Amino acid sequence: MTDKAINHTLDHLFRNEYGKLIALLTNKFGVSFLEQIEDAAQDTFLRAMQVWGYQTVPDNPTAWLYRVAQNRLIDVLRRNKKSDLLGDKPLPKEDIQTGETLILENAIEDSQLNMIFACCHPSLSQEHQIILSLKLMGGFSNRELAEALLKKEDAVAKSFTRAKKQFREKVKFLQIPVQMGLQSRLFQVLRVLYLLFSEGYVATTGAQLLKKDICYEALRLALLLRKNKYCSHPNLEALIALMCFHSSRFDARLDSAGNLVSLEHHDRSHYNQQLIQIGIHHLEQSETENQLPSRYHLEAARSYYHSTAKTFAKTDWKSILYLYDVQIKQEYSPMVALNRIVPFGKIHGPSKALKELKEVERQSDFSTTGLFYAIKAEFQKELGDTNYRYTLKKAIAFSENELVKRYLEDKLL
């Protein structure tokens with residue numbers, strides 16, 4: 001296997017398995033050993049990078065990762081004499097590779113849900129809940145979290161350290177609360193899954209635009225929540241619908257060479273019609289009576305219009321703009337306001353869109369936001385303003401995803 005293939009496999013496994021390792025080990029050994037569990041999980045992935053470069057990847061890499069992480073943790077705990085409950089003998093390999101594989105299959109779902117609900121414990125601040133969940137369950141880097149939460153990297157790092165301390169002190173056991181206790185944490189859990197999916201759908205950094213593993217993991221956990229009758233809620237249905245509509249367009253977002261394809265040039269025959277229909281079903285199930293629609297409802301509805309439009313020209317931009325206006329009226333967000341400019345321009349033209357963009361700029365600082373300059377450059381180009389090239393270069397400079405950079409650079413040619 002080539003280095004590139006090994007790195008791809010490890011990246012896939014890290015995104016797909018890191019949170020599972022943390023959840024399983026924390027569920028088994030306890031919250032008080034969270035620091036050691038994190039270290040063991042990270043050391044295991046470093047070990048995999050070293051070993052698999054010279055050997056073949058195991059037939060069951062998940063079991064390999066779990067076995068190595070668990071044995072690593074046991075060694076550390078024994079060495080530090082922090083547990084006398086582990087016995088004198090290491091767990092035998094054959095038991096891990098056979099019996100533990102079955103345990104993995106049965107325990108992962110419960111452990112992950114336990115972990116997410118534990119991270120969203122009401123004794124923790126909302127910020128700490130989000131940071132813990134995305135760091136421990138999503139394997140988010142500080143940079144990814146900073147982008148998702150609109151914070152600085154060093155602030156995220158400090159918050160994570162404080163959050164772990166609070167978590168160890170206030171959350172003693174990983175137990176899913178029942179009935180009202182579970183429902184009280186549901187909205188935060190949904191926000192975690194939304195942010196998890198969002199990072200997968202448009203990766204903040206790196207050479208990938210789309211990280212399907214993260215998106216499908218978020219969708220899987222959302223569907224898992226749906227199995228619990230106490231989690232039944234219109235917002236959950238709307239979030240699942242949103243994920244399905246977005247996921248339906250995966251295969252059209254990149255061309256055969258792996259380059260970004262803009263929405264205007266999507267080959268809509270590649271849209272997954274089955275996922276669209278599933279999304280429609282969940283959107284219908286999300287209907288509320290006498291309640292304002294959530295952000296998930298509004299975003300799912302916008303994604304529905306994009307996913308079901310026969311062509312880009314036939315997109316219902318008026319309805320999409322209306323949904324943006326409703327969302328901004330309910331809860332203003334700088335990024336929502338920025339994205340709203342695109343449908344606004346489709347309806348009112350580039351000149352009015354640039355004026356609207358200035359208004360948005362007055363309210364928020366977009367000086368280092370690549371998307372702001374990309375949108376501005378597009379409208380300048382439509383008006384024949386040669387300054388669009390200068391603006392586009394700023395968009396490239398402030399975009400951290402390599403595929404997005406390449407896509408914008410092609411516009412300069």
Side-chain angles (χ1 to χ4, degrees), residues 10-23 26 34-35 37-39 41-42 45 112 115-121 124-168 171 185 187-219 221-222 239 243 246 295-296 299 333-336 338-339 364-366 368-372 398-404:
L10 283 170
D11 184 63
H12 165 84
L13 285 168
F14 181 80
R15 287 301 190 178
N16 217 34
E17 308 297 337
Y18 182 78
K20 295 175 186 177
L21 277 183
I22 296 290
T26 305
L34 183 59
E35 293 279 0
I37 289 169
E38 268 195 291
D39 290 342
Q42 291 168 8
F45 279 96
Q112 282 188 284
M115 193 70 180
I116 291 178
F117 275 96
C119 287
C120 294
H121 195 282
L124 305 173
S125 69
Q126 286 193 2
E127 179 179 293
H128 284 175
Q129 291 173 13
I130 293 293
I131 288 175
L132 276 172
S133 300
L134 295 180
K135 287 284 282 185
L136 297 178
M137 300 308 299
F140 273 40
S141 67
N142 288 339
R143 178 180 291 185
E144 290 169 335
L145 262 180
E147 183 76 15
L149 301 178
L150 302 178
K151 292 180 175 293
K152 293 183 178 179
E153 283 187 54
D154 58 346
V156 167
K158 290 176 182 176
S159 290
F160 182 47
T161 300
R162 290 193 294 268
K164 284 193 292 185
K165 183 175 184 294
Q166 293 288 310
F167 189 64
R168 288 193 304 271
V171 182
R185 301 186 200 181
F187 286 177
Q188 275 300 88
V189 172
L190 295 185
R191 188 181 176 199
V192 168
L193 297 182
Y194 171 80
L195 291 172
L196 193 63
F197 185 91
S198 298
E199 174 58 27
Y201 192 70
V202 183
T204 306
T205 60
Q208 292 177 277
L209 174 76
L210 177 63
K211 296 181 179 178
K212 294 182 182 180
D213 294 340
I214 302 182
C215 294
Y216 289 139
E217 179 66 7
L219 178 55
L221 290 171
L239 178 58
M243 291 178 179
H246 278 350
R295 65 181 300 177
Y296 310 121
E299 290 190 34
S333 161
M335 292 308 295
V336 172
L338 179 58
N339 280 290
S364 306
D365 181 12
F366 292 112
T368 59
T369 304
L371 180 62
F372 171 82
F398 291 116
S399 295
E400 296 186 53
N401 184 282
E402 292 175 25
L403 279 185
V404 173

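Predicted, not measured: the structure shown is a model, and the values here were computed from it. These numbers come from the heavy atoms of this one structure, side chains and all, not from hydrogens, waters or symmetry mates.
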| task | Find the distance between NZ (Lys158) and CD1 (Ile131) and round it off to the nearest 0.5 Å. | result | 13.0 Å
| query | If you look only at pairs with a residue in residues 125-134, which of them pass as a salt bridge (charged side-chain N to carboxylate O under 4.0 Å, His left out), with sequence neighbours excluded? | reply | Glu127-Lys151
| remark: Taking every heavy atom of Leu124 against every heavy atom of Gln129, the minimum-distance pair comes out as O-NE2, 2.9 Å
| message | For Ile130, is there any backbone N or O sitting under 3.5 Å from a side-chain donor or acceptor partner on Gln188? | response | no
| Gap separating the OG atom of Ser133 from the NE2 atom of His128, nearest 0.5 angstrom | 12.0 Å
| request: For residues Ala118 and Phe167, report the shortest heavy-atom separation together with the two atoms involved. | output: O-CE1, 3.5 Å
| Atom CZ in Arg162, atom CG in Leu132: separation rounded to 0.5 Å? | 12.0 Å
| request: Could you walk me through whether Phe45 and Leu21 pass side-chain contact (heavy atoms from CB on, under 4.5 Å), step by step? | output: CA-CA 11 Å; Phe45 279 96; Leu21 277 183; 3.8 Å; yes
| request: For the residue pair Met243 and Tyr216, establish whether any side-chain heavy-atom pair is separated by less than 4.5 Å. | output: no
| task | Output yes when Glu35 and Arg168 qualify as a salt bridge under the 4.0 Å nitrogen-oxygen rule, no when they do not. | result | yes
| request: Measure across Tyr201 and Cys215 and return the closest heavy-atom pair with its distance rounded to 0.1 Å. | output: N-SG, 3.4 Å
| note | What one should report as the nearest heavy-atom pair of Gly370 and Ser399 is CA-OG, 3.9 Å
| message | Run the side-chain contact (heavy atoms from CB on, under 4.5 Å) test on Val404 and Leu371 for me, step by step, so that the C-alpha distance in whole Å, both residues' side-chain angles and the decisive distance to 0.1 Å come before the verdict. | response | CA-CA 10 Å; Val404 173; Leu371 180 62; over 6 Å; no
| query | Stepwise, does the side-chain contact (heavy atoms from CB on, under 4.5 Å) test hold for Val189 with Leu221? | reply | CA-CA 10 Å; Val189 172; Leu221 290 171; over 6 Å; no
| Point-to-point distance, once rounded to the nearest 0.5 Å, from CG of Leu34 to CG of Asp39 | 9.5 Å
| In this structure, are over 12 heavy atoms from other groups packed under 6.0 Å from Glu153 atom CD? | yes
| request: Would you sort out whether Thr26 and Leu136 count as a side-chain contact (heavy atoms from CB on, under 4.5 Å), showing the intermediate values? | output: CA-CA 10 Å; Thr26 305; Leu136 297 178; over 6 Å; no
| remark: In short, Tyr18 meets Lys135 closest at the heavy-atom pair CE2-O, 3.6 Å
| request: Give, for atom CD of Gln166 and atom OG of Ser125, the distance between the pair rounded to the nearest 0.5 Å. | output: 8.0 Å
| query | In Å, rounded to the nearest 0.5 Å, how long is the span from CE of Met335 to OG of Ser198? | reply | 11.0 Å
| remark: Nearest heavy-atom contact between Phe398 and Thr369 is CB-C, 4.3 Å
